[in-house]
Number of protein chains: 2
Amino acid sequence: MEHSKSATSTDRAYRQLRDAILSGSLPTDRKVTETGLASMLGLSRTPVRAAIGRLLIEGLLQRRSGSGLWCVLPTPGEMQEIFDIRARLESYAAARAAERASAEQREAVKQSAERMSRHVAALAKRSDPDIARRIEEENAFFHRLILEAACAPRLERLLQSTVDVAFVSLTLQRYSLGQRVRSAGHHHDIAEAIALGMAEWAARTMEAHILAAAASFRNRYGVAAETPQDDKA
Amino acid sequence: MEHSKSATSTDRAYRQLRDAILSGSLPTDRKVTETGLASMLGLSRTPVRAAIGRLLIEGLLQRRSGSGLWCVLPTPGEMQEIFDIRARLESYAAARAAERASAEQREAVKQSAERMSRHVAALAKRSDPDIARRIEEENAFFHRLILEAACAPRLERLLQSTVDVAFVSLTLQRYSLGQRVRSAGHHHDIAEAIALGMAEWAARTMEAHILAAAASFRNRYGVAAETPQDDKA
DNA sequence: ATTTCAGAAATTGTATCCATATTCTTAAGT
DNA sequence: ACTTAAGAATATGGATACAATTTCTGAAAT
């Protein structure tokens, strides 16, 4: 659940670079170099290159023709795309989980939903300054539980490595209290659908859950509703 | 549309290893080593390691706990999973293509469907010994056209890593003539839906198109899920 | 002044080397 | 005979060295 403190240098480099890109501390308006990143991290180029390879696949870095390596943050349009993809894949995961989760897994999902409700209640009472982080972790845990219960290794890899969860939690951080209450309600609905083995209900609720997050993101970052006329990004 | 011979050693290593795994010329019942693969390809470990990194992400290689590197081919259950994922992602691509394809792209999709029909007709007349390959290429081209028209770079990357795994397995199977005729019909339907901008129709037809392929695959290779008996080839 | 060519600098791709961790083998002890 | 421990062999992760391609700079020629 938490990052094990010491992994390989490659893993550390990957996480550090990803965080640096997502937090905006790496420039997106000029090119970066492998050597520069390596010396910034205090490592040789070898592990940094491996990390760069992963980030290239995930799309957070790009090699532009004849002008080096660039950090790339998803445009609002791409964020919408990411949410749409997640809605489709996670609803599939929810349906599979409803069909094949073990009894313990169904119980665990329900308990996660319960905990989430308590966290949100605590947030309303301002009783815990650290509660926002707890909510985010609980949310990630909930989705991970379902993904595991879905018993779908390929789906898991796709969701984990290519459409980054960090984007979603970025959105979650800005939820209003009302949104959080409703989001916790979604978790309850999904948990119940999975517990009862109702795949279609689970899938549609998960879809709605993620599209709600997408809508919230759109509101925040000011991309008005999708215009029929094509805006090239 | 084909690989130019000149590329970086890493790319060559990646392609060679991927082909070797998918074609079954690398063992899946005992472990392989980086050093062994490198000397097999006549390269140093460095580019081979980069290639291995990509294959690990794609799931064609796995590091098993404390016992090295293994080649992994998708099980029939995973193939079903891959088809399900493709059905969801490519139907999304079709919907987006219906909404935002250019006039030229809509025309190109229709023309590809036309060519496919002609190829299938030629197949019926046995007039071209090479026709099966042509059909495969046209099919790949059709799907690629739609993916490009969808204007969704993330989706494109995501599908690229899942599709080609499915494709190689697909080429192992032989569609019956009747199936090919119906498949070409799907292409026409999808092309028309996209041409008319009818996103929902395009999406549902694409979904059905891929699930039909999945069913055909299951009949040949899968554990017969719930089919009482399979039909004649 | 603009263009072009050459040399220099820099960046990426590849190979080799080293260190650490893990496995396999062998020998010793109970 | 079986178990365990120690050392050897092997494999992987990382660093450095090297090569080749690409880019930048500058000067010369039209």
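What you see is a predicted model; the values in this text were computed from it and never measured. So that the names make sense, note that chain A is the first sequence line, chain B the second, and so on, each numbered from 1. Basis for what follows: all heavy atoms, side chains included, without hydrogens, waters or symmetry-related copies.
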What residues form a side-chain contact (heavy atoms from CB on, under 4.5 Å) with E78(A), not counting sequence neighbours?
P74(A), T75(A), E81(A), P153(B), R154(B)

Return a table of donor-acceptor pairs under 3.5 angstrom between the side chains of residues 89-99 of chain A and protein atoms on other chains or two or more places apart.
| from | atom 1 | to | atom 2 | distance (Å) |
| --- | --- | --- | --- | --- |
| E90(A) | OE1 | H143(A) | ND1 | 2.7 |
| E90(A) | OE2 | R86(A) | NE | 3.1 |
| E90(A) | OE2 | R86(A) | NH2 | 2.6 |
| S91(A) | OG | A87(A) | O | 2.9 |
| S91(A) | OG | R88(A) | O | 3.0 |
| Y92(A) | OH | R96(A) | NH1 | 2.9 |
| Y92(A) | OH | D84(B) | OD2 | 2.8 |
| R96(A) | NE | A150(A) | O | 3.0 |
| R96(A) | NH2 | C151(A) | O | 3.1 |

Who pairs with T10(B) by side-chain hydrogen bond (donor to acceptor under 3.5 Å, both in side chains), at least two apart in sequence or on another chain?
none

For L56(B), enumerate each residue passing the side-chain contact (heavy atoms from CB on, under 4.5 Å) test, keeping only those at least two apart in sequence or located in another chain.
I52(B), L61(B), R63(B), L69(B)

Are OP1 or OP2 of dG14(D) and a side-chain N or O of T46(A) less than 4.0 angstrom apart?
no

Summary of protein contacts for nucleotides 8-13 of chain C, nucleotide by nucleotide, where a base hit scores B, a sugar-phosphate-only hit scores S (4.0 Å, heavy atoms):
---SBB

For S112(A), all residues meeting side-chain hydrogen bond (donor to acceptor under 3.5 Å, both in side chains), sequence neighbours excluded
E138(A)

Over how many whole Å does the gap from M40(B) atom CE to dA11(D) atom P extend?
13 Å

Whole angstroms only, please: what is the CG-P distance between D11(A) and dG13(D)?
10 Å

